[in-house]
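Down below is the structure, laid out as structure tokens.
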Amino acid sequence: MSSRLSARELIDLVVDDGTFVSWDEEPIEPADGISETYAAELAQAAQKSGVDEAVITGEGRIYGRRVAVVACEFRFLAGSIGVAAAERLCRAIERATAEGLPLLAGPASGGTRMQEGTVAFLTMVKLAAAVKVHRKAGLPYLVYLRHPTTGGVFASWGSLGHFTVADRGSLIGFLGPRVYEQLYGEKFPDSIQTGENLYRNGLIDAVLSPERIASTVNMVLNVLMGAREVPGPVPDPRTEPDPMPVNTHAWDIITASRRPERPGVRELLRHGATDVLPLNGTGQGEKDPGLLLAAARFGTAPCIVLGQDRSRQAAGEPMGPAALREARRGMALAAELHIPLVTIIDTPGAALSKSAEEGGLAGEIARCLADLATLDAPTVSLIMGEGTGGGALALVPADRVLSAENGWLSPLPPEGASAIVYRDTDHAPEMAQKQGVQAEMLLKHGIVDRVIAEQPDAADEPEAFVTRVAKTLEYEIISLMREPAYRREHRRIERYRSLGL
């Protein structure tokens, strides 16, 4: 069941005690005035709800950090948004932008106010535009969808969050079920317009009770606001192999990378990162278990992490085009919030299937390459294990490219390369050696900048290995954050412009 907290109860629960300051002024009156009947409705709504409009705005501190807050009061005419409520919201969003504050929105609304007609309906335009300006300023916009959120509110400022969660058991949908039943003479299917179903379909990032909102906001802002203050330098952890391996056998590297016990992105985040906040899906109705998207910190370094999940791919869920669309969501977050991006490459190859072809896999690889190669934010990529084909290529181009000692990168699995050249798979070890897929050769050819030691194999020392990786990532991220953007971007483009020449 949903919590059905009032707007003020939600604010009191989320912000630090005694820190909320209202930004609300007396509601404006629509330019055309209002009828006596509507005026009576407004007066009755105010008496019933204890507030003067359907939204409350202001600022408070959440774990000591200033945050702007806007929340709907559903008991005021079902939280509906008319001219006055929209203007109050818009001013609050604009003030948050001007003062450089992150913004937490808590909609709970039946949509736009029917008593004010099309004029009220069109106020959603300015709200969506104000949110867009806030986001373009590099400021986080967080949304907590409460029960119920429908109509124009859900289709405007309720669906534009960098990070969006919903209340448990909440009704969330575009067309309210009562309206649907009256229009079409049948009941809307159960369990569709729920926060839980939105999560299952990759439309929101989590379903949370209101008691968890404050700690979740704190965690996400520790990362998303962390990029606005560049951390102090940290010493180079010197995690390279000593001595650096020479004359390595590619097939030994490939065999080691395929061990089931080898740690992947999940272990890296579990043991090497803090403030880890998983992000779910594309936000547009897709999710792919082959890729893990999260906000996290490695030491003092904030970042968005795009990680190819070896455990899920090994379980029969190859990475498809939706995974790359999730990756592009992460790239867009990094670009908009000016936060570093870390990509973890660990895949036996992207999906080979009818659905992958029809879902635009090749196009998504191309768009990932273009987005990542030209991204404004600092970028680090890590070849953590297997690096096969276009799925791996899509996440490679970065300011700094790292590889585990038993990492490798190849246009096809060696078995596939053997099949092309020799029409069998027996020559896979030979093909891998000829192609120079192993970390030693990637470093020699300038494809990677650094190799992280395994002592002797990450599968035999998983926690120690991911600790080395995390310390290396912290150092590399902070070093990049302390460089001018133009220098990073020029060097990144030049690397790939001159590769192999």
Side-chain angles (χ1 to χ4, degrees), residues 14-16 19 21 23 58-70 92-105 130-144 160-164 205 213-234 273-277 279 293-306 329-343 371 374-380 398-400 470 473-489:
V14 171
V15 306
D16 299 346
T19 65
V21 177
W23 288 352
E59 68 170 272
R61 293 189 179 269
I62 300 178
Y63 284 73
R65 178 187 282 109
R66 281 183 74 201
V67 178
V69 182
V70 298
I93 297 166
E94 291 169 345
R95 179 170 174 178
T97 306
E99 298 191 19
L101 297 179
L103 178 59
L104 172 63
V131 170
K132 183 67 174 179
V133 170
H134 184 81
R135 290 180 50 136
K136 287 182 70 175
L139 294 166
Y141 178 58
L142 314 179
V143 178
Y144 179 43
L160 293 174
H162 288 114
F163 179 72
T164 303
D205 295 303
I213 296 301
S215 61
T216 301
V217 168
N218 178 56
M219 188 182 301
V220 70
L221 292 183
N222 280 343
V223 179
L224 300 188
M225 293 295 285
R228 298 178 74 83
E229 296 181 5
V230 178
V234 296
T274 58
D275 290 327
V276 178
L277 191 72
L279 303 170
L293 174 61
R297 294 168 71 92
F298 292 106
T300 57
C303 62
I304 299 294
V305 178
L306 309 178
R329 177 194 173 192
M331 294 173 196
L333 282 173
E336 193 163 81
L337 294 167
H338 313 297
I339 185 170
L341 180 74
V342 172
T343 67
D371 289 353
T374 58
L375 200 70
D376 290 340
T379 54
V380 179
D399 296 314
R400 294 284 287 175
L473 289 172
E474 179 188 24
Y475 170 76
E476 296 288 358
I477 293 167
I478 291 175
S479 298
L480 290 170
M481 292 178 74
R482 300 178 68 81
E483 270 194 82
Y486 74 87
R487 186 181 301 165
R488 286 189 285 98
E489 293 164 20

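Remark: Leu221 CG to Leu139 CG distance equals 10.5 Å, nearest 0.5 Å. Note that CD of Glu99 is 5.0 Å distant from CZ of Arg66, once rounded to the nearest 0.5 Å. The distance from atom CD1 of Ile304 to atom CZ of Arg329, rounded to the nearest 0.5 Å, is 8.5 Å. Note that CZ of Arg135 and CG of Leu103 are 11.5 Å apart. Values are rounded to the nearest 0.5 Å. Remark: Glu336 CD to His134 NE2 distance equals 9.5 Å, nearest 0.5 Å. In this structure, the separation between OG1 on Thr379 and CG on Asp371 is 12.0 Å, given to the nearest 0.5 Å.
With sequence neighbours excluded, the residues satisfying side-chain contact (heavy atoms from CB on, under 4.5 Å) with Ala377 are Ala334, Leu375. The side-chain contact (heavy atoms from CB on, under 4.5 Å) search around Arg482 returns Val230, Pro233, Ile478, not counting sequence neighbours. The side-chain contact (heavy atoms from CB on, under 4.5 Å) test applied to Asn222 returns Arg65, Asn218, Asp275, Arg297, not counting sequence neighbours.
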Give the C-alpha distance, both sets of side-chain angles, the deciding distance and a yes or no for side-chain contact (heavy atoms from CB on, under 4.5 Å) between Leu277 and Thr216.
-> CA-CA 8 Å; Leu277 191 72; Thr216 301; 4.0 Å; yes
Check step by step if side-chain contact (heavy atoms from CB on, under 4.5 Å) holds for Met219 and Val223.
-> CA-CA 7 Å; Met219 188 182 301; Val223 179; 5.8 Å; no
Before giving the answer on side-chain contact (heavy atoms from CB on, under 4.5 Å), spell out for Leu341 and Met331 the whole-Å C-alpha distance, their side-chain angles and the decisive distance to 0.1 Å.
-> CA-CA 7 Å; Leu341 180 74; Met331 294 173 196; 3.8 Å; yes
Could you give me the CA-CA distance, side-chain angles and deciding distance for Thr19 and Ile62, then say whether side-chain contact (heavy atoms from CB on, under 4.5 Å) is met?
-> CA-CA 9 Å; Thr19 65; Ile62 300 178; over 6 Å; no
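Under a 4.0 Å N-O distance rule, the pair Arg488/Glu483 does not qualify as a salt bridge.
Nearest approach of Ser215 to Tyr63, heavy atoms of both residues: CB-OH, 3.6 Å. Summarising the geometry of Gly161 relative to Val143, their closest heavy-atom pair is CA-CG2, 3.8 Å, with the distance given to 0.1 Å. Val305 approaches Ala296 most closely through the heavy-atom pair CG2-CB, 4.3 Å. The minimum heavy-atom distance linking Ala214 with Val14 is given by the pair CB-O, 3.4 Å. Looking at every heavy atom in both residues, Gly100 comes nearest to Met225 through O-CE, 4.3 Å. Considering all non-hydrogen atoms of both residues, Pro231 and Pro302 come closest at CG-CD, 4.2 Å.
Remark: side-chain polar atoms of Asp399 are not paired, donor with acceptor, to backbone N or O of Val380 under 3.5 angstrom. Put simply, the side chain of His162 gets close to the backbone of Tyr141: a donor and an acceptor are under 3.5 Å apart. When atom types are taken as modelled, the side chain of Asp16 and the backbone of Gly64 share a donor-acceptor pair closer than 3.5 angstrom. Checking side-chain atoms of Glu474 against main-chain N and O of Thr300 turns up a donor-acceptor pair under 3.5 Å. At least one donor-acceptor pair under 3.5 Å links the side chain of Arg228 to the backbone N or O of Gly138. A donor-acceptor pair under 3.5 Å is formed between the side chain of Thr97 and the backbone N or O of Ile93.
Looking at Cys303 and Phe298, their side chains come closer than 4.5 Å, going by heavy atoms from C-beta outward. Leu279 places a side-chain heavy atom less than 4.5 Å from the side chain of Leu333.
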